[in-house]
Protein chains: 2
Amino acid sequence: MENKVKNYADEEHCPVRNVLDRFGDKWSMLVLMLLSDMDVLRFNEIHKYIGTISQKMLTVTLKKLEADGLVERKAYPEIPPRVEYSLTKRAKTLMPIIQDLAQWANKNMADIQDSRRSVV
Amino acid sequence: MENKVKNYADEEHCPVRNVLDRFGDKWSMLVLMLLSDMDVLRFNEIHKYIGTISQKMLTVTLKKLEADGLVERKAYPEIPPRVEYSLTKRAKTLMPIIQDLAQWANKNMADIQDSRRSVV
DNA sequence: CGGCATCCTTCGTGATACTG
DNA sequence: CAGTATCACGAAGGATGCCG
């Protein structure tokens, strides 16, 4: 019935790619972890926490995360404007996995850097 | 002692970025999952399984993974040449996390795509 | 067979200036 | 304050051809 050689490039077989396409970029993961720690933050607060991100990239990143239902955006119609960001429930189910990934990274980073040097 | 505002961009706080910088690219994850399924594969076998990857990118991806100690490369001095790739122990400790990520992706992908459409 | 070298295109990212 | 708009650049990725 089934072909022996499945196509590993399609999304059917590799949903991970679907996920990574969304927060595998330079900043998304960082924003998620930050919001996970701090619960609610305003635009400029995030900007200050992540010192090196540009305003543009923060905007783009937040928009993407909001579109994917991972971040909630709450704008208050005040002058000056105030906008608060927080994680959605969906994002919160993802965070434990991110934490596992972080732990693995912590444990293995040193060894990996050794690998790169020794050029086995 | 500590500054209230930590820098979330440094590796100390975000080892995930270190990991993602390594296999967060377009193909690494795919190669890891494929090798996890198939145990041992030759260069052209991987190439066929992942139909859409270019030869160049497969080479680059495998080299990166090898350098990080995630993939083992075994070359047989024959004519024509034969090279076999497999996961290292280190990579095998990572795979469960990847699997979790894959499961999460499977469960949530549909909802996420709905989110993108409804533009909440 | 399993690469490497080169060229070329596209995308992500950054810098800067402007706005409601 | 919280963005948007525009320009510019570098890196990632693809196409093609050559080699041991």
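Letters go in sequence order (proteins before strands), and every chain restarts at 1.
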- request: Could you tell me the separation between the CG atom of A/Leu87 and the CG atom of A/Asp39, rounded to the nearest 0.5 Å?
  value: 8.0 Å
- request: May I ask you to say what B/Lys56 touches in the nucleic acid, namely base, sugar-phosphate or nothing, with a heavy-atom cut-off under 4.0 Å?
  value: base
- request: Just call it for B/Gln55: base, sugar-phosphate, or nothing, with non-hydrogen atoms closer than 4.0 Å on any strand.
  value: base
task: Could you tell me the separation between the CD atom of A/Glu45 and the P atom of D/dA2, rounded to a whole number of Å?
output: 8 Å
query: In terms of the angle between their ring planes, are A/Tyr85 and A/Phe43 parallel, tilted or perpendicular, with boundaries placed at 30° and 60°?
result: tilted
query: Is any side-chain heavy atom of A/Tyr76 less than 4.5 Å from a side-chain heavy atom of A/Glu84?
result: yes
- request: Report the distance from atom CG of B/Leu41 to atom P of C/dG3, rounded to the nearest whole Å.
  value: 13 Å
message: I need the CD-C1' distance between B/Glu66 and C/dG3, as an integer number of Å.
response: 13 Å
task: Indicate, with a heavy-atom threshold strictly under 4.0 Å, whether B/Thr59 touches base, sugar-phosphate, or nothing.
output: sugar-phosphate
query: Rounded to whole angstrom units, what separation is found between the NZ atom of B/Lys26 and the C1' atom of C/dG12?
result: 13 Å
- prompt: Does D/dG3 have OP1 or OP2 sitting under 4.0 Å from an N or O in the side chain of A/Lys63?
  reply: no
Nearest-angstrom distance from the residue atom CG of A/Leu58 to C1' of C/dG12: 16 Å
task: Take A/Arg90 and A/Asp68 through the test salt bridge (Lys or Arg N to Asp or Glu O under 4.0 Å) and record every step on the way to the result.
output: CA-CA 9 Å; A/Arg90 182 181 299 161; A/Asp68 290 350; over 6 Å; no
message: For a 4.5 angstrom cut-off between non-hydrogen side-chain atoms, does B/Leu35 reach B/Ser86?
response: no
message: Please classify the nucleic acid contact of B/Tyr85 as base, sugar-phosphate, or nothing, using heavy-atom distances under 4.0 Å.
response: sugar-phosphate
query: For C/dG2, does either OP1 or OP2 sit under 4.0 Å from a side-chain N or O belonging to B/Arg82?
result: no
task: Between B/Arg73 and A/Ser54, just flag the one whose closest nucleotide in DNA chain C comes earlier from the 5' side.
output: B/Arg73
- line: Atom CD1 of A/Ile53 and atom P of C/dT13 are separated, to the nearest Å, by 9 Å
statement: Atom CZ of A/Phe43 and atom C1' of D/dT4 are separated, to the nearest Å, by 11 Å
message: Please report the distance, rounded to the nearest Å, between CG in A/Asp21 and C1' in D/dG13.
response: 14 Å
